[in-house]
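Heavy atoms only: backbone and side chains are in, while hydrogens, waters and symmetry mates are out. Everything quoted here is computed from the prediction, not taken from an experiment.
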Amino acid sequence: MAFNLSCSLLQAGYVSSQRRVRPKPLASASHQRLHRPFVDYLPPSRPSALSIRCSASRSGGGDEDQAVKEVERLLEEKRKAELASRIASGEFTVQKPGWVLALRDGLSKLGLPGKSLEDLLSRWAANISEGGRLEIPQAKGSMNAISGQAFFIPLYDLFLTYGGIFRLIFGPKSFLIVSDPQIAKHILKDNAKAYSKGILAEILEFVMGKGLIPADGELWRVRRRAIVPALHQKYVAAMIKLFGEASYRLCEKLDVAASDGEDMEMESLFSRLTLDVIGKAVFNYEFDSLSHDNGIVEAVYIALREAEMRSTSPIPTWEIPIWKDISPRQRKVSQALNLINNTLDDLIAICKKMVEQEDLQFHEEYMNEQDPSILHFLLASGDDVSSKQLRDDLMTMLIAGHETSAAVLTWTFYLLSKSPEVVAKLQDEVDSVLGDEFPRIDDMKKLKYTTRVINESLRLYPQPPVLIRRSLEDDMLGKYPIKRGEDIFISVWNLHRSPKYWVDAEKFNPERWPLDGPNPNESNQNFRTLLVDKGKLESIGHQTNLLLKSNCQGLAYQLDNYVLKGGWSKLSGSINSLPLSYLPFGGGPRKCVGDMFATFETVVATAMLVRRFNFHLAPSAPPVEMTTGATIHTTQGLKMTVTRRTRPPIIPNLEAKVLTFDSGQQQLSSNLLEETSVASSVAVAEEDQQGEVSTAPVS
Ligand code: HEM
């Protein structure tokens, strides 16, 4: 994960953040099942029509549902029309230079047509800067037009208007918004060395220090080289058991709720589930936050919310020296950080002792069965690092692996609640693959549809929706020169929803990826051998590009270099010439180190939950709208009614399972993960062309 920084846009006071749900105290119970009148579903103030709102009722609300949908559609149209007219009025457009108007007036006096001349000159002026260089299209103006909603949403409309790269200007500040796959690839991969984490690193410093996400340069290289090997195949395989156990605890909780008829706020439960998982996985700590709140759980949430607040606050009050000491909030934050740091120091000390006492030989796939944590691996590897740096890295992974996975589960269940046909297919697959058993590593490659559901959820709700960079040197982005020190937001949201790259971009359609294809990731989505119906090839423009609509998945591929053979043609392209248009885990040397971990975690949790329960938006659920913190959150939670499934009897699968993770002597087939279609990448230390350590694709 990485913080998306609703960001410095916000930091500079441009975008107001929205109400946001805090994890609820565990005992909270709501038995409210009142049928709310239709008007209740309308937002209190100016609505953001692009935001998502749940349909009202599960039963008998057909007309009401229709009416709500109609109102939503009208609001959507109204808001789009408003924004379009503001864009058209020039509110977002940089003023035409005075000389254009003067020249137009002069030339029109000579009888040349004024309007077309002005347009011609304006275009020329927009494209050519003083030095004769191309200038990036600019959008500027009052942020009122885009405030009151998650900031990445209006960036989508601006992207449709201004294109794949434009400069957003507010007063003295400007940001480059990138939604072009080629430019994203250049920044993230081809010339990654020329970009740092910029504002992101500055804001997260208080909680992550110089941990792997904010770190840059040599420090980042050294730490990545140390950490990536810890997430080896055997470790990730062992984590499946942990995911299953934590998901089981959540199932038990939901079971009680199902009996009591209590609606559950799932976003905060997912947050607790993933906190419990990541605590064990990273430093062998049992938060057990699904069962109870304790001091350390609270401290972690205080730190997380502070990070969110800092990334959305207009004035950095926390930087004012006296304020830091007198503000009750900041004092609470310091106390929370102290508690976390002390706990981490204790865990490091305990783990050091364990390592000293064990007589396991350290090797590539080293893992202590009692404590398979990343911390244990790092200490056993003799990682020569200060305790402060170790703490920063652990804290970084805790945050990176917690909020992201929780957000993926939240939006997956939201999407599922609106797609009963997808749920039916999902449940069929889970029943036949898992039966009544806990998931194991060899099930991961069989839960193909479940994985596609997660893939598709990550496309529609990328976590984080925006990646942040700052240029460390002058560079060229596409045809445009940029200066050192530019703050850049790569909008993954825009890339994942661009109508140019996706058929029915807004539709939740796990079927867009074939089940027998590889797990979609940033490289294979634009580079793979596939069968295409020659008749469906469409030439776009005058370029050599082809927009290929694959015959069955409805996915659009855009390739620069291609080879066609035969009628139903085999097509392949050169990976280096292809853009990144699906990047759920980032790309290039700074790609997520936990991609496979997170994919398996969310697959296991989804499978175990839908196997046992049906989930519907609760009749009393507030509208499900988006806001940004570290990731995409809901504004008021995801309140769901959970009912037990009545399933047909399970016919036991007599085929013997070879793998068991309950015993200490598990035998892991070395090529098991290699066969796993899910395994987009696994953390094996590799040097890429730039000499940086990255996760290496397994398949
Ligand atoms: C579904 C869950 C997850 C998603 C969607 C996700 C997404 C991402 C993305 C997009 C990046 C790249 C950020 C950038 O380029 O600025 C990233 C980086 C990172 N992620 Fe994840 N992540 C997830 C889970 C995890 C987990 C479970 C861990 C740890 C076990 C983790 C650890 C990291 C770290 C350490 C980085 C920084 C890598 C570097 O800069 O070298 N993530 N993640």
Side-chain angles (χ1 to χ4, degrees), residues 1-2 4-6 50-52 149-160 163-166 177-189 404-405 407-412 414-415 418-419 422 451-469 488-513 517-528 547 549-550 553-558 578-588 591-592 595 598-599 602 626 628 630-633 680:
M1 92 104 214
N4 83 44
L5 229 46
S6 328
L50 270 186
S51 59
I52 295 165
Q149 55 190 316
F151 83 99
F152 53 87
I153 297 176
L155 291 188
Y156 181 76
D157 286 352
L158 292 170
F159 148 61
L160 295 181
I165 177 166
F166 64 92
I177 312 296
V178 170
S179 320
D180 176 285
Q182 293 283 13
I183 298 177
K185 178 166 171 277
H186 175 83
I187 296 168
L188 294 176
K189 188 164 188 269
T404 43
S405 301
V408 172
L409 287 170
T410 301
W411 291 107
T412 301
Y414 171 70
L415 289 165
K418 302 202 302 174
S419 312
V422 175
T451 309
R452 295 293 171 265
V453 166
I454 298 295
N455 300 143
E456 181 68 343
S457 163
L458 267 165
R459 184 183 69 81
L460 285 168
Y461 296 93
Q463 312 293 348
V466 168
L467 302 178
I468 291 154
R469 294 293 187 272
I488 301 168
F489 297 164
I490 298 168
S491 174
V492 184
W493 176 274
N494 288 354
L495 284 166
H496 283 191
R497 289 180 179 240
S498 167
K500 199 168 157 196
Y501 299 108
W502 303 94
V503 172
D504 290 334
E506 303 285 317
K507 189 174 168 207
F508 175 53
N509 177 23
E511 281 75 13
R512 70 176 69 240
W513 286 291
N519 187 46
N521 62 34
E522 80 285 359
S523 44
N524 66 28
Q525 271 320 280
N526 287 299
F527 174 61
R528 69 188 204 187
L547 181 68
K549 285 186 186 144
S550 110
Q553 311 95 26
L555 173 62
Y557 297 84
Q558 189 182 341
L578 301 175
L580 298 163
S581 59
Y582 180 64
L583 45 161
F585 293 101
K591 184 180 170 177
C592 178
D595 59 345
T599 306
T602 46
M626 289 182 283
T628 37
T631 49
I632 309 174
H633 294 287
S680 65

Spacing of [atom1] belonging to [X] relative to [atom2] belonging to [Y], to within rounding of 0.5 Å:
X	Y	atom1	atom2	result
Ile153	Asn494	CD1	CG	10.5 Å
Asp595	Asn521	CG	CG	8.0 Å
Ile490	Leu495	CD1	CG	8.0 Å

Under a 4.5 Å cut-off applied to non-hydrogen side-chain atoms, are [X] and [Y] in contact?
X	Y	result
Val178	Phe489	no
Asn519	Trp513	no
Gln463	Ser405	no
Tyr501	Pro181	yes
Leu188	Arg469	yes
Leu158	Ile177	no
Thr628	Phe151	yes
Thr631	Val408	no

What's the shortest heavy-atom distance between [X] and [Y], and which atoms?
X	Y	answer
Ser179	Phe159	CB-CD1, 3.4 Å
Ile632	Trp411	O-NE1, 2.9 Å
Ser581	His496	O-CD2, 3.4 Å
Pro510	Val422	CG-CG1, 3.9 Å
Ser491	Val466	CA-CG2, 4.3 Å
Leu460	Phe508	CD1-CA, 3.6 Å

The criterion is side chain to side chain donor-acceptor pair (under 3.5 Å); which residues satisfy it with [X], sequence neighbours excluded?
X	value
Thr602	none
Arg459	Glu456
Thr410	none

Think Arg497 forms a cation-pi with Tyr461, using NZ or CZ under 6.0 Å from the six-ring centre and within 45 degrees of its axis?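 That pair qualifies as a cation-pi contact.
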Quick one: does Ser457's side chain have a donor or acceptor within less than 3.5 Å of a partner on Val453's backbone?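 Not at all, since once roles are kept as given, no pair shorter than 3.5 Å links the two residues.
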Parallel, tilted or perpendicular: rings of Phe152 and Trp493 (30°, 60°):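 The rings of Trp493 and Phe152 sit tilted, inter-plane angle from 30° to 60°.
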